Amino acid sequence: MARKQAVRYPVAEPDISAAEIRAVSDAVRSGWVSSKGRYITQFEEGLAKYVGTSHGVSTSNGTTALHLAVKALGIGKGDRVIVPNLTFASPANAVIYEGAEPVLCDVEGEYWNLDDQKLEELIDRSTKAIIAVHLYGNPCRMDRILKIAREHSLFVIEDVAEALGSEFRNRRVGSFGDISCFSFYGNKVITTGEGGMCLTNNSSYAERMRVLRDHGMNPQKRYWHDEVGYNYRMTNMQAALGVAQLRRLDGFIRKKRNIASWYSKGLRHPRIRMVQHEPDWGKSIYWLYSILCDVDSPQDRSKLMERLLKLRVESRPLFYPLDQMPPYRRLKRSADLEVSHAVSASGLSLPSYTELNREDVLDIADAVVVALGT
Ligand SMILES: *Cc1c(COP(=O)(O)O)cnc(C)c1O
């Protein structure tokens, strides 16, 4: 559905069809507007099946999903959890909510994910878990991360907010960790407006997360609280949207992969150092198609983005490295974080929504080339 836009090509836009509207209307008309109702179970079971796990626990958003995962694994005060230095901040925040300490690991330069070579130097007696974020749809090296985790008895949480449908060696990401977390915010691969989910193969984690998201109430004894919980539930209306979106997911992924291949053909310029690409050991869903450019300074990149905006193309800088922002400045970190700094400083995400066609993408690629100059 096309919305009126100030720019011609926004970075992201949800793809919502009549089927989604029918499903949401059905949920509203049924009267099951809160967090009970058939769409909740359908969405939880559908996502778990799609990714390849046995349990799904829906949540109010991706950050609450991460918080539940951290808490269900018993991580708390005095514990450390390794997170990538280049990520959206919410995995680090979820660790901090529980009084534990994120430890910042540098990323590698090819797919911008956790550098497994730099993981081990960060592990000490307080380390309890690794949060592997599959950034911009690129899958992490799950074999190496799991091997290190196993050797040091660490939990692995996967943050799959940007990578629903991506694969590591023909297996979907989100099926590797102890718990994996998803987000269905409006700019994600599928959306429920706000929303999230935890997937796991462990029934006690699933049970614990269900209790925690429902005020900590005893499931056998209503209004009896064994502990302080939260209201992190998803509504049936959101789940209805999710069920209808999930049916279209394979089509979205096909489209996003086409968009990536069109971009990679159109984006030729001496200042483009790297375009997002996938490894031969995995498959990316290219959540936000991103490129690295030669820029001299943050101002230089801002100018580039302004020139693009004049050509009516919205763009977005890559995430800022966590270590540069006030809440995370004093955290333990890799001996050097230079790759995350370099990738972040030179990166730009381009319009990636599924309603773009080939001409649009080539048009945007032309605009990027023009904006980069001669
Ligand atoms: C979007 C996102 C989240 C959080 O999702 P919300 O639903 O906005 O809370 C977490 N991690 C990553 C990597 C994300 O991109």
Side-chain angles (χ1 to χ4, degrees), residues 11-14 43-44 47 51 56-71 81-98 102 104-105 107 111-114 129-140 142 145 156-166 173-174 176-177 179-199 209 213 230-235 238-239 241-242 245 252 256 276 284-290 316-322 325 327-328 340 343-344 347 349 352-353:
V11 165
E13 196 175 62
F43 189 42
E44 291 179 338
L47 194 86
V51 173
V57 180
S58 58
T59 59
S60 48
N61 59 60
T63 307
T64 52
L66 284 159
H67 184 200
L68 288 186
V70 167
K71 183 139 182 140
V81 177
I82 299 175
V83 301
N85 193 42
L86 183 67
T87 173
F88 183 61
S90 100
N93 292 345
V95 171
I96 295 170
Y97 297 161
E98 280 309 297
L104 309 176
C105 184
V107 300
Y111 308 107
W112 319 330
N113 281 325
L114 277 179
I130 299 170
I131 303 186
V133 181
H134 306 284
L135 206 70
Y136 298 109
N138 293 344
C140 293
M142 289 316 298
I145 292 171
V156 173
I157 297 173
E158 287 180 83
D159 181 338
V160 201
E162 303 177 3
L164 170 56
S166 292
V173 297
F176 292 91
I179 299 176
S180 60
C181 302
F182 294 78
S183 164
F184 311 111
Y185 185 68
N187 65 7
K188 300 295 159 80
V189 194
I190 63 171
T191 187
T192 60
E194 296 278 352
M197 184 105 63
C198 295
L199 297 185
M209 292 190 290
R213 83 167 168 188
Y230 310 88
N231 179 352
Y232 281 175
R233 297 171 314 219
M234 176 184 276
T235 70
Q238 292 168 297
L241 185 49
Q245 287 261 289
F252 292 162
K256 287 177 96 67
Q276 191 175 351
S284 176
I285 55 117
Y286 294 99
W287 171 57
L288 287 186
Y289 190 80
S290 301
R316 200 173 289 176
L318 293 210
F319 297 116
Y320 295 105
L322 289 179
M325 297 185 279
Y328 320 105
S340 45
V343 169
S344 166
S349 299
S352 305
Y353 54 97

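Everything numeric in this text was worked out from a predicted model, so none of it was measured. The figures here come from the full heavy-atom set of this structure, side chains too, leaving out hydrogens, waters and symmetry mates. Start at 1 and go down the list; that is how both ligands and their atoms are numbered.
Within the listing of ligand 1, atoms 13 (C) sit less than 4.0 angstrom from a heavy atom of V133. Under a 4.0 Å criterion applied to the non-hydrogen atoms of A161, ligand 1 contributes the atoms 2 (C), 3 (C), 10 (C), 11 (N), 12 (C), 14 (C), 15 (O). Of all the atoms in ligand 1, the ones that sit under 4.0 Å from a non-hydrogen atom of N61 are 7 (O), 9 (O). Every atom of ligand 1 is numbered from 1 in the order shown, and the set under 4.0 Å from a heavy atom of G62 is 5 (O), 6 (P), 7 (O), 9 (O).
Where the criterion is an N or O separation shorter than 3.5 Å, residue side chain and backbone included, T87 fails it with respect to ligand 1. At under 3.5 Å, a nitrogen or oxygen of D159, whether backbone or side chain, sits near a nitrogen or oxygen of ligand 1. Polar contact check, L66 against ligand 1: no nitrogen or oxygen pair lies under 3.5 Å apart. Checked against a 3.5 angstrom limit, the closest N/O atoms of T63 and ligand 1 fall inside it. For ligand 1, one of its N or O atoms has an N or O atom of K188 under 3.5 Å away.
Of the listed residues (A89, S90, G195), the one carrying the non-hydrogen atom nearest atom 4 (C) of ligand 1 is S90. Between atom 7 (O) of ligand 1 and the options S183, P84, A65, the minimum heavy-atom separation is to S183.
Note: H67 and Y97 have perpendicular aromatic rings, judged against thresholds of 30 and 60 degrees for the angle between ring planes.
Between V81 and E98, the closest side-chain pair of non-hydrogen atoms is not below 4.5 Å.
Protein heavy atom at the shortest distance from atom 15 (O) of ligand 1 is E162 OE2, 2.5 Å.
Side-chain N/O atoms of N93 and Y328 include a donor and acceptor closer than 3.5 Å. With hydrogens and angles left out, the side-chain atoms of S290 and S349 include a donor and acceptor closer than 3.5 Å.
In this structure, CG in L199 is found 8.5 Å from CE in M209, a value given to the nearest 0.5 Å. Rounded to the nearest 0.5 angstrom, I131 CD1 and T87 OG1 are separated by 8.5 Å. To the nearest 0.5 Å, the span separating OG1 on T63 from CG on L68 amounts to 11.0 Å.
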For the pair R213 and S58, evaluate side chain to side chain donor-acceptor pair (under 3.5 Å) and give the outcome as yes or no after the intermediate values.
-> CA-CA 9 Å; R213 83 167 168 188; S58 58; 3.2 Å; yes
